[in-house]
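The structure appears below as structure tokens.
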Amino acid sequence: MPSIEIRDLSFSYTDSPEGKKALDSVSLSIEDGEFLCVIGASGCGKSTLLRVLAGLEAPKSGKVFVGETEINGPGSERMIVFQDYALFPWMTAKKNISFAVRRARKVSKTEAENIAEDFLTKVNMDKSALLYPCQMSGGMKQRVAIARALAMDTDILLLDEPFGALDAKTRGQLQDLLLGLWLNDGKKKKTVVFVTHDITEAVLLADHVVYMTPARIKDELYIDLPRPRIEDESFQEYRERLLSLFEEGKEEKMNYEK
Ligand code: ADP
Ligand code: MG
């Protein structure tokens, strides 16, 4: 059974010009435990798709199922992480996590604090547990945001260009970290939907890549490479294939915008 099933989903923002859809008849199956990357140029609807999956926007038409349940709002089995971290500025790193854990899981205050400490250690932030967001770099804030999302222990993680604002080195570290946590010591993997416009990032992370052109899914590709992945010849072949999709898509985007 797929973890997420999107059937003929269309969506328009209320203030968009008449007839302009942000999503137009999108259908997609995401398997349980799959790492899916959504790629595509800016403005093609990646964030909108994620927001609908998160239940923050309601479909205009079509349906989204999580397991067998049609979703009609946010749910405790799904968690979204935005590019801009969205930490509470008045809470320390540890408090940001323990607060979210207590809202998401039935645990005591002490248990939530222990879980927070555990996940801060996993993202190498244990020594910074008592810092406030204004005292952290972008990479540190994103570590906390990821630790928070994973600590909430939802089955589905929705990540919208989470590493987009980071320098290359920090991005590489956080990619490794996210993969390690997703692999989950051989236990049940989470289903991840990860939006990026970075092709290399998609080949590095994904089992399954969907390529979007404005409002539509243009193509899908499964990446059958062993992990941990290295940038060898087969890696480059996948990159080339995704790059050529981007080139084809550019033309379509120009026609769409005419
Ligand atoms: P992406 O994440 O791929 O860059 P988005 O999903 O953000 O794309 O945007 C898809 C389309 O919807 C774009 O044309 C964008 O301008 C429009 N859009 C996005 N957010 C809003 C909004 N809040 N109100 C109106 N239009 C929006
Ligand atoms: Mg976006």
When rounded to the nearest 0.5 angstrom, what is the spacing between CD in Glu240 and CG in Leu242?
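Between Glu240 CD and Leu242 CG, I get 10.0 Å after rounding to 0.5 Å.
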Say you draw a straight line from CD1 of Ile30 to CG of Leu36; how long is it, rounded to the nearest 0.5 Å?
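Spacing of CD1 (Ile30) from CG (Leu36) equals 5.0 Å.
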Backbone N/O of [Y] and side chain of [X]: donor-acceptor pair under 3.5 Å:
X	Y	answer
Lys46	Ala41	yes
Arg78	Leu158	no
Gln135	Tyr132	yes
Arg143	Val123	yes
Lys60	Ser12	yes
Tyr13	Lys20	no
Arg105	Ala151	yes

Cluster overlap [X] with [Y], hydrophobic side-chain contacts below 4.5 Å:
X	Y	value
Leu131	Met91	no
Ile97	Phe88	no
Phe82	Val195	yes
Val144	Phe99	no
Leu157	Trp182	yes

Where do Thr191 and Glu34 land on the side chain to side chain donor-acceptor pair (under 3.5 Å) test, with the steps shown first?
CA-CA 5 Å; Thr191 305; Glu34 186 172 84; over 6 Å; no
Atom of Met212, atom of Cys44 and distance for their closest heavy-atom approach
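Looking at all heavy atoms of both residues, the closest pair is CE-O, 3.5 Å.
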Please report the closest heavy-atom contact between Val107 and Arg102, naming both atoms and the distance.
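Heavy atoms only, the tightest pair is O-NE, 3.5 Å.
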Using a 6.0 Å cut-off, check whether atom [atom1] of [X] has over 12 heavy atoms from anything other than its own residue.
X	atom1	answer
Asp232	CG	yes
Arg241	CZ	no
Lys127	NZ	no

Are [X] and [Y] side-chain neighbours, meaning at least one heavy-atom pair lies under 4.5 Å?
X	Y	answer
Ser128	Met136	no
Asp24	Ser10	yes
Leu50	Val38	no

Regarding Lys188 and Asp32, does a basic nitrogen lie under 4.0 Å from an acidic carboxylate oxygen?
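Yes, this pair counts.
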Apply side chain to side chain contact (heavy atoms under 4.5 Å, CB included) to residues Leu87 and Arg148 and explain how you reach the verdict.
CA-CA 9 Å; Leu87 299 176; Arg148 179 175 63 179; 3.8 Å; yes
